[in-house]
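Keep in mind that this is a model prediction, so the values were computed, not measured. Letters A, B, ... are given to chains in the order of the sequence lines, protein chains preceding strands, and every chain is numbered from 1.
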Number of protein chains: 2
Amino acid sequence: MPPKRKSDASSGDGSGAKKKKLARTPSKRESIPDVSGNDYSSEAATKDGKKWNLKFSSWNVNGIRAWVEKNGHSYVTAEDPDIFCVQETKCAKDLIPDDANIEGYHAYWLSGDKDGYSGTGLYSKQEPLSVTYGIDKEEHDKEGRVITAEFDKFYFVTAYVPNAGRGLPRLSYRSEKWDPDFREYLKNLDAKKPVVMCGDLNVAHKEIDIANPKSNKKSAGFTPQERQGFSELLEAGFVDAFRELYPEETKKYSYWTYMGNARGKNVGWRLDYFVVSEKIKDGICDSLIRSEVMGSDHCPVVLLMNI
Amino acid sequence: MPPKRKSDASSGDGSGAKKKKLARTPSKRESIPDVSGNDYSSEAATKDGKKWNLKFSSWNVNGIRAWVEKNGHSYVTAEDPDIFCVQETKCAKDLIPDDANIEGYHAYWLSGDKDGYSGTGLYSKQEPLSVTYGIDKEEHDKEGRVITAEFDKFYFVTAYVPNAGRGLPRLSYRSEKWDPDFREYLKNLDAKKPVVMCGDLNVAHKEIDIANPKSNKKSAGFTPQERQGFSELLEAGFVDAFRELYPEETKKYSYWTYMGNARGKNVGWRLDYFVVSEKIKDGICDSLIRSEVMGSDHCPVVLLMNI
DNA sequence: CATCTGATG
DNA sequence: CATCAGATG
């Protein structure tokens, strides 16, 4: 499915709706992402030499309104992915800023019941065959966490996985309920067509995926339970695209707390992933972590595939 | 009492205490008050030719932490008053930023029970004989609104008068309880020594004191009840220093809502006053409204006296 | 249209 | 150390 590069930028679900409330005036803070000098081209190919024909990107934007004010969306134009996903939009659909509707993409938005919390978005150049929201479980689907887009040859899923919270108040929900149910959801999709799933999975899988493994064994995102949950997802027939290609690569992170200049010191976590069905893993061409791109406490991640 | 210009900057009530919490990093916003070119000297004198020997200034700072980040305190150094008062500090005593302790002044802080709400401060070059907090009425004294400093020849009072609120939820409290009790408090002081009172009195007294009298008759700060309360205060033996000197002066305001560029259009209210005992009104030399000084939605006001 | 807090991450 | 909401002005 090499997507038709059509220029219809209309939004699939009413993202052009009137705003209830105006966005705040941009702060005088400088626009943070300056991606103008970056080279996002790539000649990456599969092991058997097929060049990529689809580019995907995912970014936890930590508030899409703030991200737009910081000119974060300029990254999307520069990266030019076929599909771009955002997590933690923290914004009701009707309040998504106009500038978040990027020319050339169909945009799909999901938010939860609680204002300013969670929320995801999916942009696609090609219009999906269908778009669905949630994972078909009432219990999980009030927080705007999962969007699924069906294409001819695959399902594309973006997820913002529940954070276990400080003091781990939601660890049991996360690891005993969400993780198994989300895994089942993906397995069911995978039984029909291959799956590409991306997003902030709120777990650093192995010690190699976090700067300070020792001191974080009881921190949300690095507990044994959460790490085990990710292992079980992979065992269910999926691969972590970045780690598949770069099994030994250290110090590659996609999140740094804003506190204590963690990003400057690269004291980070790899929380943002592309996870793909094992049956299409040979289509992986490259998996990239755009750690230089500013605008959030996470950076974008990229997957190049030949499908 | 021409104050001894001593340089002891110690704070009268522990304002040097350790902070529980650090102030946020200053935003990148430019420092707003640039008072460096302003001439705050004055040759003002009483009607019978006595030059002022005391300068007082008062400013509703709308959050002392934000005000300090905006370099609002540079105004104090430039104005160089003998006593400077602030209202709406919105800050517990222990969290007052270090930069709010201005060299050459004793500082006294009061905050209420509710964090981030109300709060007043008083700076004095000369150390007062005593400083008291509140108006001796349990009912009123939980919101950090009044500081009284006793000097040799007068009492100095600063007040942040309760706002009646949008939809006037606290109008009855304000006009039936606070206003009479505060008036009694001042009358009792005045029975002992003359009083200079300043602050955000949260009322525009007459039509001349507000840009849009017609449309604000039901707005907090311009209801008949609040205006009447101020009239009754004056009838109890006090004068509005600014209006005493400038009975016909129009378009002089000390507050403009941040909304709709009201300040740019001078759509304002005169809410900040110096009110002095009638018996010392002949000591008034000048009363000034520093409407050019930025850093809050209010501007500073000044009183020059010979006492 | 600002200031705060408190929840959240 | 950020985001956002909601209270307050």
Using whole Å, what does the distance between atom [atom2] of nucleotide [N] and atom [atom1] of [X] come to?
X         : N      : atom1 : atom2 : answer
Asn62(A)  : dG9(C) : CG    : C1'   : 7 Å
Asp200(A) : dT3(D) : CG    : P     : 17 Å
Leu271(A) : dG9(C) : CG    : C1'   : 11 Å
Arg263(B) : dA2(C) : CZ    : P     : 12 Å
His298(A) : dC1(D) : NE2   : P     : 17 Å
Leu168(B) : dT8(D) : CG    : P     : 14 Å
Asn163(A) : dT3(D) : CG    : P     : 18 Å

Taking only side-chain nitrogens and oxygens of [X], does any of them come within less than 4.0 Å of OP1 or OP2 of [N]?
X         : N      : answer
Tyr117(A) : dG9(C) : yes
Lys90(B)  : dG9(D) : no
Lys70(A)  : dT3(D) : yes
Arg65(B)  : dA2(C) : no

Quiz item: Would one find more than 12 heavy atoms of other residues, nucleotides or ligands at under 6.0 Å from atom NZ of Lys217(A)?
Solution: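 More than 12 within 6.0 Å, yes.
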Quiz item: Should we count CD of Glu138(B) as having more than 12 external heavy atoms under 6.0 Å?
Solution: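 For Glu138(B), atom CD is not crowded (no more than 12 foreign heavy atoms under 6.0 Å).
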Practice problem: Mark yes or no for whether Ser58(B), through its side chain, and Cys198(B), through its backbone, hold a donor-acceptor pair below 3.5 Å. | Solution: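 Checking the backbone N and O of Cys198(B) against the side chain of Ser58(B), no donor-acceptor pair under 3.5 Å is found.
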Quiz prompt | N/O donor-acceptor pair under 3.5 Å between Tyr75(B) side chain and Gly295(B) backbone | solution =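 Judged by distance alone, no pair lies under 3.5 Å.
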Quiz item: Closer to the 5' end of DNA chain D via nearest nucleotide, is it Gly116(A) or Gly260(A)?
Solution: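 So the residue in question is Gly260(A).
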